[in-house]
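This report refers to the structure that appears directly beneath it.
Worth saying up front: this structure is predicted, and the values here are computed from it rather than measured.
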There are 2 protein chains.
Amino acid sequence: MSDSDRPTPPRMGRQPLTTRADISHVALQLFLEHGFEQTTVDDVARAAGIGRRTLFRYFPSKSDLPWGDFEAKLSRMRAFLVDTDVSVPVVDALARAVVEFNQFPLEEVPYHRERMNLLLNVPALVAHSSLRYAEWRRVVSDFAAGRLGVSADALEPTTIGWVFLGASLAAYEQWLKDDDSDLIELLESAVLLLRVGFSPIPVAPVRPAVGA
Amino acid sequence: MSDSDRPTPPRMGRQPLTTRADISHVALQLFLEHGFEQTTVDDVARAAGIGRRTLFRYFPSKSDLPWGDFEAKLSRMRAFLVDTDVSVPVVDALARAVVEFNQFPLEEVPYHRERMNLLLNVPALVAHSSLRYAEWRRVVSDFAAGRLGVSADALEPTTIGWVFLGASLAAYEQWLKDDDSDLIELLESAVLLLRVGFSPIPVAPVRPAVGA
DNA sequence: TTTCTTTTCGGCACTCAGTGCCACTAGTCT
DNA sequence: AGACTAGTGGCACTGAGTGCCGAAAAGAAA
């Protein structure tokens with residue numbers, strides 16, 4: 001902690017030529033212009049002014065390019081959940097976190113829309129994204145597990161992880177279909193479906209078994 | 001329908017050398033023995049006694065090999081749902097379909113277990129599987145949409161698709177962790193979580209709007 | 001300044017998945 | 001036999017991703 005607050009840590013060695021964000025933007029531009037499959041990694045590297053080999057040091061795969069710095073977003077979500085007061089029920093906390101996680105500055109919204117359009121429609125990206133989603137689910141299930149006092153690998157927290165992911169992506173699909181729709185509203189609608197459950201017969205409120 | 005009931009339709013042209021199922025079995029054997037990444041497509045082709053080029057006519061990608069004939073399973077599930085009496089509520093019908101879909105003859109269970117172990121743990125397969133899962137979700141959301149009288153792309157059916165997929169996979173994860181667990185029981189537990197919903201405050205039973 | 005050390009850069013060569021092309025093989029039908 | 005049809009597989013090619021290694025660019029020490 002003594003070296004994390006240095007303003008401009010004068011690092012050793014050569015300075016990086018570019019940033020993950022820069023490369024990601026250049027790549028997205030090309031993907032939107034010519035399509036994901038039609039764009040080669042060499043194209044991206046050339047457009048970004050770096051060598052192909054260097055690009056693969058910034059991003060482990062072509063499919064990671066549209067994601068940018070996802071790990072940073074996950075950290076923010078984790079922090080948001082940790083900061084949530086324990087009096088807030090698990091589902092409410094997660095509902096708020098989902099909304100928070102998908103809030104973007106107005107000028108970034110069209111850009112984000114195009115990005116998600118690719119991620120949810122290009123087969124190679126759909127496939128690869130599931131690995132990112134797994135990390136996201138882990139954040140959710142870790143939180144739920146902590147609150148429920150069970151292992152993060154148990155049935156309930158993992159199901160909660162899946163179910164919130166599903167609701168979020170279902171909301172995104174709607175959002176992408178309609179230019180005038182509001183992502184946050186859709187997310188809230190989807191989470192509401194989770195809340196009420198899918199039981200056709202109204203279920204009696206479950207009373208925690210005493211002494212279990 | 002006049003040619004679908006011929007006992008041995010004397011086809012034209014050369015007879016296929018092998019079957020999807022055969023290749024899939026051979027591949028799975030090698031994947032379990034040496035690992036998925038360590039096994040090349042050439043290895044599989046050689047072991048199956050066919051050319052590499054031929055293998056890619058039976059399966060569009062290496063990652064499809066462990067899935068075998070998934071389309072056939074989907075068709076069975078679709079048929080099961082269509083045959084379900086309309087008096088059975090949507091969620092019940094889906095719960096039964098999920099169970100039906102994951103029922104295997106006893107002798108195939110250990111084999112299925114290893115297969116799912118690969119599919120849920122090898123990153124390349126995890127990624128690719130999401131494309132198969134999308135087809136599965138489509139079966140679910142089509143059914144739900146039909147029952148609810150809305151488009152299959154609408155928020156509710158797609159959410160139902162996601163949520164049932166999530167519950168199923170959460171159950172599978174538990175099953176794989178414990179040799180003595182029962183997949184069907186776990187699936188039912190997971191679906192029960194969906195039924196009751198995740199609302200912390202008991203939600204008033206939703207009465208269907210009369211005349212809607 | 002020179003030299004040392006550290007870090008990034010990127011060329012080269014390689015493996016492997018997946019594809020288009022095309023000739024070959026093994027069957028059925030006249 | 002000859003025509004037709006469908007499966008096979010070799011060959012060559014593209015493109016993603018990796019290991020290796022020397023070059024470039026920075027700070028630190030001499």
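The aromatic rings of B/Y111 and B/H25 are tilted relative to each other, their planes meeting at an angle between 30° and 60°.
We find that CG of B/L55 is positioned 14 Å from C1' of D/dG7, with the value rounded to whole Å. In this structure, A/Q15 atom CD and D/dA23 atom P are separated by 22 Å, rounded to whole Å. Atom-to-atom, CD1 of A/I23 to C1' of C/dT8 comes out at 12 Å; the value is rounded to the nearest Å. The CZ-P distance, from A/F59 to D/dA16, rounds to 15 Å in whole Å. Across the protein-nucleic acid pair, B/F56 atom CZ and D/dG7 atom P stand 19 Å apart, rounded to whole Å. Taking atom CG on A/L65 and atom P on D/dA16, their separation rounds to 10 Å, with Å as the unit.
Here B/Y58 does not reach the OP1 or OP2 of D/dG7: none of its side-chain N or O atoms lies under 4.0 Å away.
Residues passing the side chain to side chain contact (heavy atoms under 4.5 Å, CB included) test with B/T19, sequence neighbours excluded: B/A21, B/D22. Every residue two or more places apart in sequence or in another chain that forms a side-chain hydrogen bond (donor to acceptor under 3.5 Å, both in side chains) with B/H112 is listed here: B/R115, B/Y172.
Scanning residues 115-128 of chain A for heavy-atom distances under 4.0 Å to DNA chain C yields an empty list. Taken residue by residue, residues 45-52 of chain B places heavy atoms nearer than 4.0 Å to DNA chain D at B/I50, B/G51. Heavy-atom distances under 4.0 Å link DNA chain D to A/T39, A/T40 of residues 28-40 of chain A, given in residue order.
Ranking D/dA16, C/dG10, C/dT7 by closeness to the A/R11 side chain, first place goes to C/dT7. Of the candidate nucleotides D/dA28, C/dT8, C/dC29, C/dC29 has the atom nearest to the side chain of B/M12.
Geometrically, B/R76 does not engage B/F101 in a cation-pi contact defined by less than 6.0 Å to the ring centre and at most 45° from the axis.
Separating the CH2 atom in A/W162 from the CG atom in B/L169 is a distance of 4.5 Å, to the nearest 0.5 Å.
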- Query: Could you walk me through whether B/V82 and B/F143 pass the side-chain contact (heavy atoms from CB on, under 4.5 Å) check?
  - Reply: CA-CA 8 Å; B/V82 167; B/F143 171 76; over 6 Å; no
Output one line per pair: protein atom, nucleotide atom from nucleotides 21-25 of chain C, and distance, for all N/O pairs under 3.5 Å.
from, atom 1, to, atom 2, distance (Å)
C/dT25, O2, B/R14, NH1, 3.3

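Taking the six-membered ring for Trp and the full ring otherwise, the centers of B/W136 and B/Y133 sit at least 6.0 Å from each other.
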